[in-house]
Asks: 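Let me begin by handing over the structure; questions about it come next.
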Amino acid sequence: MGNPNITNPDSFSSIIEVDNRKVFVNVTGVSTCGKPSIILESGLGMDSSAWKDVQSEVSKFGRVLSYDRAGLGSSSIGSKPRTADKVASELNLLLEAIVNEHNVNFPPPYIICGHSAGGIFAQVFNHNFSEKVGGILFVDSSTKSQENFCKSEHGVYPKIIDAVDKALQHDLELKNPGKVVWPALYCESCTSPLVGDRYLCQMCVHYYNLCAECYPTKAHEECKQHKSDHEFELLTKFEGDMESTRDGEDLETFAANLKLLTKLDDANPDMLKTKPISVLRGNPSKKNFFKYFVKGWSKKREAINNYIDAEFKDEVNYLLDNFDNLDAFFFNAEQLCIKELKNLSEDWTYAYAENSGHCIMFDEPEIIVEEDTEAFFSCLNSEIDGMIQEYNLEEIDSQYIVNFYKKIIPIINCSYSSTVKPLVTLTYAQTLDGYIGNKPEKKEQLLISHKKSMILTHQIRNMNQAILVGINTVLNDNPSLNCRIKKSQQHFQEKFYKVILDSNLKTPLDAKIFQVEDSCKVLLFCLEDNVTEVNFESKVLKFKNTFAAEKLEIVLVPGLLLEETESVKFDNLSNNSSRIKHIQKKKVLLDLKKILEVLKIKFNIEKLMVEGGSAIISQFFKYNLADCCIVTVSPQYLLGGGVHVTDSLNGEDINGFKLKDPQFRQFGDDIVVVGLIQ
Ligand SMILES: NC(=O)C1=CN([C@@H]2O[C@H](COP(=O)(O)OP(=O)(O)OC[C@H]3O[C@@H](n4cnc5c(N)ncnc54)[C@H](OP(=O)(O)O)[C@@H]3O)[C@@H](O)[C@H]2O)C=CC1
Ligand SMILES: Nc1nc(O)c(N)c(N[C@@H]2O[C@H](COP(=O)(O)O)[C@@H](O)[C@H]2O)n1
């Protein structure tokens, strides 16, 4: 079943035939071989046009599909009832058709971004086609608890809904009688629910919905305040019988779909447990949904009253009268929804769109774009999680991370130029009590970072040309110091250096930095004063006999005398007193400025990442040699003690400082703080 309209299989918007039905599809976005694709699933009665703003943005970093479900927009009607099972199967057939029959690149895993009832369809799709789903982004999604909500003492809502539906069908006051067309939208001028044509103001930052009655007067208050004339676009034109336009997507079927999901979840409760999900909620006090059900309709009280069963009349009218008192009730219902959604997965993120109502894609599409990016990234992470230890990660060419880094360091992009040193990024992970490592005697690396911030660290390694650590880090952690992201290793292997500051050549010959299969070169910086010592000379020889010149280079640099004052407490047991004695100690450390100069001039290293440990970080701070910081803060306390991030500055009189232009971002459980050092 070919489709002549598809001229560019990478991006197309067309009506295609699937299983003898016509389905409108809109596939856009950059080709993402090996990465997840995004499916935009609209809410009840809404077609693909709802995603206009979101799709154009998300397409910049991935493959995106929006489509009209059967009976909506430009798609032909489907068989009734419109159960979520049916919707899921039809979506699956559509995906198979566009990939197999139309040769369109739209690879799984899929991240389904479901608005409202679209979140229910997404979950049912995950039950039935689990292997294809990477994660779900819930955009003010419906939840199973809404069924209880309907059944609860406030079960009067379904009665209002019924009455509204009936009123719409019979009430001649309304221009376009028919079923409720936009369950979540109301006219922002007259507050009636939107039936019939729907208009959007093109000039405002946000879209405004106007019904056909208000459209000619352009009566929206905020629109009136704008100086220029507003242009309104007729977004959706409904003609004739509404029944055939949003065929079958009614509240009765919606309630049945909630029951179906409850049944599927009861049978298989963990279908989403390990998959990343994002829960995005609008502001309950702004949800047009509720206004539609209650406030908007209080204006049409008479019409509604005609269609409410006598036994519910008092209750319905009480609600219509007391709309403002319902905030607390709606707030509680909202909390239930959030709890239910978060419980679906162990890997969830939550975001609150304060300035949005139920239709976040109209009010704040940018938040969905951001959340999509997060889900996109999480999905990649969970794919590669299991492989981290095997040094076999898939490439994460994640613009998300790259942008995060670049955003705060414009100099990395353009204007950093120093003839004497590379651009230095200081990166480490710390606990809430400031520790970066275990006590040295433990001889075990302290795992602080969440897997997601760890991947960030690896990506940042990949964006630099060298990593520098002190010898104690090598002795304690035995790190690999490579970038375990496959494919990017290509770039990494050719250009990367592992730099160890090791005055006395204590680095073990069997250290992992030499062993891992990469072609990075190890640079051991040693103290030039040592060169005459026999012991040192024999060590150098051993290294040279063990490793080829392209694998290892020993670089001699001058030392810098460091005078440390150590405070020692002496107890006098006879009189139970104690005395502090200050002992002056001398230590030689390698000259960092000289090392940076050599890295820049001899090895052409423009960007250097310094990982630690404490002594190294402290010295970079002390001599103001770092340009920016990326610090992972993990929500844990070590308490028992260990290596503190600036331990070795103890006693020295050095001024502290504040990061410039700090940025913060959550990666898994951790907060990553990024900023410039002036
Ligand atoms: N959480 C994290 O992100 C990280 C944690 N760590 C942790 O840090 C701990 C190690 O820290 P620490 O004990 O301070 O040791 P370091 O790894 O910082 O190494 C310090 C040693 O490096 C050598 N050195 C040479 N020149 C210099 C110089 N100019 N400045 C500083 N050191 C120099 C010195 O040994 P010599 O005189 O022999 O040359 C010095 O004792 C480990 O527990 C490790 O796990 C490490 C990195 C990151
Ligand atoms: N970002 C980060 N988080 C942690 O929890 C850490 N323990 C570290 N440690 C640093 O990473 C090195 C290990 O690197 P490999 O993965 O073995 O290549 C370790 O030596 C520290 O420098 N970092």
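All ligand and atom numbering here is 1-based and tracks the order in the structure.
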Asks: Hey, is ligand 1 close enough to Q619 that some N/O pair sits below 3.5 Å?
Replies: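 Between Q619 and ligand 1 (N or O atoms, distance only) the closest approach is not under 3.5 Å.
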
Asks: Using a heavy-atom cut-off of under 4.0 Å, does the side chain or the backbone of Q430 touch ligand 1, or both, or neither?
Replies: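 Looking at Q430 and ligand 1, no heavy atom falls under 4.0 Å.
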
Asks: With heavy-atom distances below 4.0 Å as the criterion, list the atoms of ligand 2 near S449.
Replies: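 The list of qualifying atoms is 1 (N), 2 (C), 3 (N), 4 (C), 5 (O).
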
Asks: If you have a sec, work out which protein heavy atom is nearest atom 23 (C) of ligand 1 and how many Å separate them, to one decimal?
Replies: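 Scanning the protein heavy atoms, the shortest distance from atom 23 (C) of ligand 1 goes to L501 O, 3.6 Å.
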
Asks: Just let me know how T457 lines up against ligand 2, side chain, backbone, both or neither, with a heavy-atom cut-off below 4.0 Å.
Replies: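 Side chain only.
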
Asks: Tell me, do I38 and Y110 make a side-chain contact under 4.5 Å, heavy atoms counted?
Replies: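 A side-chain contact is absent here, since even the closest heavy-atom pair is not under 4.5 Å.
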
Asks: Looking only at distances, please establish whether an N/O atom of ligand 1 is found under 3.5 Å from an N/O atom of I436.
Replies: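 Yes, at least one N or O pair falls under 3.5 Å.
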
Asks: What do you reckon, does L481 have a nitrogen or oxygen under 3.5 Å from a nitrogen or oxygen of ligand 2?
Replies: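 Such a contact does occur with ligand 2.
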
Asks: Shortest non-hydrogen contact from R281 to C337?
Replies: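 So the two residues come closest at NH2-CB, 3.7 Å.
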
Asks: So if I count the atoms of ligand 1 from 1 in the order they appear, which ones are less than 4.0 Å from some heavy atom of G437?
Replies: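 It comes down to these atoms of ligand 1: 43 (O).
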
Asks: I'd like to know whether the aromatic ring centres of F657 and F621 sit less than 6.0 Å apart in this structure.
Replies: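 For F657 and F621, the ring centres are under 6.0 Å apart.
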
Asks: Atom 21 (C) of ligand 1: which protein heavy atom is closest, and how many Å away?
Replies: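 The answer is I471 CG2, 3.8 Å.
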
Asks: I'd like to check which ligand 1 atoms, numbered from 1 as shown, lie under 4.0 Å from a non-hydrogen atom of I616.
Replies: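 Here the atoms of ligand 1 in question are 18 (O), 31 (C), 32 (N), 33 (C).
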
Asks: Which residue owns the protein heavy atom closest to atom 10 (C) of ligand 1, what's the atom, and how far is it?
Replies: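 Going atom by atom, the protein heavy atom closest to atom 10 (C) of ligand 1 ends up being T473 OG1, 3.6 Å.
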
Asks: Between D670 and V633, does the side-chain contact (heavy atoms from CB on, under 4.5 Å) criterion hold? Intermediate values first, please.
Replies: CA-CA 6 Å; D670 303 339; V633 183; over 6 Å; no

Asks: Decide if atom NZ of K442 counts as having more than 12 heavy atoms of other residues, nucleotides or ligands within a radius under 6.0 Å.
Replies: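 Counting neighbours around NZ of K442, 12 or fewer heavy atoms of other residues, nucleotides or ligands fall under 6.0 Å, so no.
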
Asks: For atom 41 (O) of ligand 1, what is the closest protein heavy atom, and at what distance to 0.1 Å?
Replies: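 Result for atom 41 (O) of ligand 1: K587 NZ, 3.3 Å.
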
Asks: Taking E606 first and then K421, would you say they form a salt bridge - that is, a charged N and a carboxylate O separated by under 4.0 Å?
Replies: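 A salt bridge is absent here (no side-chain N lies under 4.0 Å from a carboxylate O).
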
Asks: Would one find an N or O of D502, backbone or side chain, under 3.5 Å from an N or O of ligand 1?
Replies: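 No - when backbone and side-chain N and O of D502 are compared with those of ligand 1, no distance drops under 3.5 Å.
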
Asks: Just to be sure I read this right, does ligand 2 sit under 4.0 Å from the backbone of T632, its side chain, both, or neither, counting only heavy atoms?
Replies: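 No part of T632 is near ligand 2 at this cut-off.
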
Asks: Backbone, side chain, both or neither: what part of L592 comes under 4.0 angstrom of ligand 1, heavy atoms only?
Replies: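 Side chain only; the backbone of L592 stays clear of ligand 1.
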
Asks: Classify the contact between Q445 and ligand 1 as side chain, backbone, both or neither, using a heavy-atom distance cut-off of under 4.0 Å.
Replies: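 The answer is neither; Q445 stays 4.0 Å or more away.
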
Asks: Considering both backbone and side-chain atoms of I448, is one of its nitrogen or oxygen atoms within less than 3.5 Å of a nitrogen or oxygen in ligand 1?
Replies: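 There is no such contact.
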
Asks: Please work out which of L590, V588, V557 has its closest non-hydrogen atom nearest to atom 26 (N) of ligand 1.
Replies: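 Result: the heavy atom closest to atom 26 (N) of ligand 1 is in L590.
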
Asks: Backbone or side chain, does any N or O of M454 fall under 3.5 Å from an N or O of ligand 2?
Replies: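 The answer is no, given that M454 and ligand 2 share no N or O pair closer than 3.5 Å.
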
Asks: Do ligand 1 and T427 have nitrogen or oxygen atoms that lie under 3.5 Å from each other?
Replies: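 N/O-N/O distance under 3.5 Å: no.
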
Asks: With respect to I448, determine whether any N or O atom, backbone or side chain, lies less than 3.5 Å from an N or O atom of ligand 2.
Replies: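 Min N/O separation from ligand 2 is below 3.5 Å for I448.
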
Asks: Could you identify the single nearest non-hydrogen protein atom to atom 8 (O) of ligand 1 and state the distance to 0.1 Å?
Replies: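 Answer for atom 8 (O) of ligand 1: G613 CA, 3.4 Å.
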
Asks: Quick one: nearest non-hydrogen protein atom to atom 37 (O) of ligand 1, plus distance?
Replies: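 Here the closest protein heavy atom is S503 OG, 3.4 Å.
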
Asks: Which is closest to atom 14 (O) of ligand 2 by heavy-atom distance: R461, K512, E611, Q445?
Replies: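 Among R461, K512, E611, Q445, the closest heavy atom to atom 14 (O) of ligand 2 comes from R461.
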
Asks: So is L446 in contact with ligand 1, going by heavy-atom distances below 4.0 Å?
Replies: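 Outside the 4.0 Å threshold, so no.
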
Asks: Does E597 pair with K594 as a salt bridge, N-O distance under 4.0 Å?
Replies: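 K594 and E597: salt-bridged.
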
Asks: Relative to the ring of Y435, is the ring of H644 parallel (under 30°), tilted (30 to 60°) or perpendicular (over 60°)?
Replies: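 Plane angle over 60°, so perpendicular.
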
Asks: Does the side chain of T431 pick up a donor-acceptor pair with the side chain of Q636 at under 3.5 Å?
Replies: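 Distance-only check fails for T431 and Q636.
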
Asks: Check this for me - ligand 1, A429, N or O atoms closer than 3.5 angstrom, yes or no?
Replies: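 Yes, since at least one N or O of A429 sits under 3.5 Å from an N or O of ligand 1.
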
Asks: Mark up the atoms of ligand 1 that fall under 4.0 Å of a heavy atom belonging to Y428, in ascending order.
Replies: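 Answer for ligand 1: 3 (O).
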
Asks: Pick whichever of G470, S480, S634 has a heavy atom sitting closest to atom 17 (O) of ligand 2.
Replies: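 Comparing heavy atoms across G470, S480, S634, the nearest one to atom 17 (O) of ligand 2 lies in S480.
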
Asks: Could you list the atoms of ligand 1 found under 4.0 angstrom from a heavy atom of K506?
Replies: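 Near K506, meaning under 4.0 Å from one of its heavy atoms, ligand 1 has 38 (O).
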
Asks: Among all protein heavy atoms, pick out the one at the shortest distance from atom 14 (O) of ligand 1; state its residue, atom name and that distance to 0.1 Å.
Replies: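 It is A615 N, 2.7 Å.
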
Asks: Does an N or O anywhere in D477 fall below 3.5 Å from an N or O of ligand 1?
Replies: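 Checking ligand 1 against D477, an N or O pair does fall under 3.5 Å apart.
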
Asks: Checking the N or O distance criterion of under 3.5 Å, is ligand 1 in contact with V643?
Replies: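 The answer is no, given that V643 and ligand 1 share no N or O pair closer than 3.5 Å.
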
Asks: What protein heavy atom is closest to atom 33 (C) of ligand 1, reported as residue, atom name and distance in Å?
Replies: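 Atom 33 (C) of ligand 1 sits closest to the protein heavy atom L589 CD2, 3.6 Å.
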
Asks: Does any N/O atom on E611 come nearer than 3.5 Å to any N/O atom on ligand 1?
Replies: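 No.
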
Asks: Between Q465 and I605, which heavy-atom pair has the shortest distance, and what is it?
Replies: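 Closest pair (atom of Q465, atom of I605, distance): OE1-C, 3.9 Å.
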
Asks: Enumerate the atoms of ligand 1 whose separation from the nearest heavy atom of G470 is less than 4.0 angstrom.
Replies: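 Atoms satisfying the 4.0 Å criterion: 16 (P), 17 (O), 19 (O), 22 (O).
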
